[in-house]
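Working notes, structure below.
Note: hydrogens, waters and symmetry copies are ignored here, and every other heavy atom, side chains too, is used.
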Amino acid sequence: MELNVKKFSLSALITAVLLYAVCVIFVAIAPDTAMMILGGLMHITNASQFLYEVEVTFNGVLLGIIPVLIYSYLGAFIFASIYNKFVKR
């Protein structure tokens, strides 16, 4: 069964935007906890030394969502295209 590349990519884009929105809300509500988790993801034991005060702004959200849109769509597009090549074999 082949994937519809465009529909799969759009689904991934929507999922990424929803996850991004959850992340933005989490950072706005609990910035210290969010930065501690981010530090853990980057294997930094004391993230406060490297991360600055966090403030969620409208411009920041817009600037952050642009790469999320691009990378999620392109990543899913490439994934589905490769998957379809394997299915044809």
Side-chain angles (χ1 to χ4, degrees):
M1 177 180 100
E2 285 190 20
L3 295 173
N4 181 316
V5 175
K6 290 182 182 178
K7 288 182 181 179
F8 182 83
S9 301
L10 186 59
S11 297
L13 182 141
I14 292 168
T15 302
V17 167
L18 291 173
L19 291 172
Y20 182 80
V22 169
C23 183
V24 166
I25 292 167
F26 181 59
V27 171
I29 292 172
D32 292 336
T33 304
M35 291 303 104
M36 185 177 67
I37 292 170
L38 177 61
L41 289 172
M42 296 187 305
H43 308 288
I44 300 171
T45 56
N46 190 0
S48 62
Q49 290 179 339
F50 303 101
L51 302 173
Y52 303 100
E53 207 47 49
V54 176
E55 182 181 347
V56 176
T57 64
F58 182 74
N59 287 341
V61 170
L62 287 180
L63 287 174
I65 203 164
I66 291 169
V68 169
L69 294 171
I70 294 168
Y71 294 145
S72 62
Y73 189 87
L74 287 176
F77 190 91
I78 293 167
F79 175 87
S81 298
I82 293 170
Y83 175 85
N84 286 342
K85 292 217 187 285
F86 280 115
V87 169
K88 288 179 183 178
R89 290 183 176 187

Which heavy atom in S9 sits nearest to a heavy atom in V5, and how many Å separate them? OG-O, 2.8 Å
State, to 0.1 Å, how close Y20 and V61 come at their nearest heavy-atom pair, and which atoms those are. OH-O, 3.2 Å
For E2, is there any backbone N or O sitting under 3.5 Å from a side-chain donor or acceptor partner on N84? no
dist D32:CG -> I37:CD1 (nearest 0.5 Å) comes out at 11.0 Å
By ring pair (Phe, Tyr, Trp, His ring centres under 6.0 Å), Y83 pairs with (sequence neighbours left out) none
Pairwise side-chain contact, L38 with M35, heavy-atom cut-off 4.5 Å (strictly under): yes
Over all heavy atoms of both residues, which pair between V17 and I65 is shortest? Give the atoms and the distance, please. CG1-CD1, 4.0 Å
List for me each residue that meets ring pair (Phe, Tyr, Trp, His ring centres under 6.0 Å) alongside Y73, sequence neighbours excluded, and say none if there are none. none
Inspect the surroundings of CZ in F26 and state if more than 12 heavy atoms from other residues, nucleotides or ligands are less than 6.0 Å away. yes
Rounded distance [0.5 Å steps], CZ in F58 versus CG in L63: 10.0 Å
Quick one: do V68 and V24 end up in the same hydrophobic cluster if we chain Ile, Leu, Val, Met, Phe, Trp and Tyr together by side-chain heavy atoms under 4.5 Å apart? yes
Under 4.5 Å side-chain linkage, directly or through intermediates, the cluster mates of I25: I29
Do the side chains of L19 and C23 get nearer than 4.5 Å, heavy atoms only? no
Any chain of hydrophobic side-chain contacts (each under 4.5 Å) joining F86 to F8? no
